[in-house]
Amino acid sequence: METINTILQLLQKAAVLGGGIWSVWGAITLAGGLKDHSGPQTQSGIWQLVGGAVIITAAALFANLSF
């Protein structure tokens with residue numbers, strides 16, 4: 001069971017890292033859209049930020065699993 005818990009912790013850390021990177025990329029996209037007054041790019045950046053937050057939230061809930 002210790003191996004499963006170690007794997008779950010590793011997956012949780014990877015998901016938080018991936019969600020963080022996705023959120024940062026969304027912020028960059030959002031800033032570029034605001035600078036250029038580009039509606040679609042702004043919308044895409046907002047959705048990427050939301051997606052990154054959802055990924056991080058799911059990772060936090062995933063951390064509560066135990067076997």
Side-chain angles (χ1 to χ4, degrees):
M1 288 300 166
E2 186 175 325
T3 304
I4 292 173
N5 287 332
T6 303
I7 292 170
L8 287 175
Q9 288 175 355
L10 180 63
L11 289 174
Q12 188 258 343
K13 289 178 184 179
V16 169
L17 179 64
I21 291 171
W22 191 253
S23 293
V24 168
W25 187 253
I28 292 169
T29 303
L30 175 62
L34 291 173
K35 179 181 152 264
D36 296 336
H37 302 288
S38 172
Q41 188 177 9
T42 302
Q43 182 181 10
S44 177
I46 290 171
W47 282 116
Q48 284 180 336
L49 278 170
V50 169
V54 169
I55 292 170
I56 292 171
T57 303
L61 292 174
F62 192 67
N64 291 330
L65 294 177
S66 62
F67 293 97

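A quick note: this is a predicted structure, and the numbers were derived from the prediction, not measured.
The cluster map of Ile, Leu, Val, Met, Phe, Trp and Tyr, joined by side-chain heavy atoms under 4.5 Å apart, puts L8 and L61 in different clusters. By the criterion of side-chain heavy atoms lying less than 4.5 angstrom apart, applied directly or through intervening Ile, Leu, Val, Met, Phe, Trp or Tyr residues, I4 is grouped together with L11 in one hydrophobic cluster.
The heavy-atom pair separating V16 from A59 by the smallest distance is CG2-CB, 3.6 Å. In this structure, D36 and Q41 approach most closely via the heavy-atom pair OD2-OE1, 4.1 Å. The two residues G20 and I56 make their nearest non-hydrogen contact at N-CD1, 3.8 Å. What you find for Q48 and W22 is that their closest heavy atoms are O-CD1, 3.1 Å.
Annotation: side chain of I46 is not in contact with side chain of L49 (no heavy-atom distance under 4.5 Å).
Between the T42 side chain and the S38 main chain, a donor and an acceptor come within less than 3.5 Å of each other.
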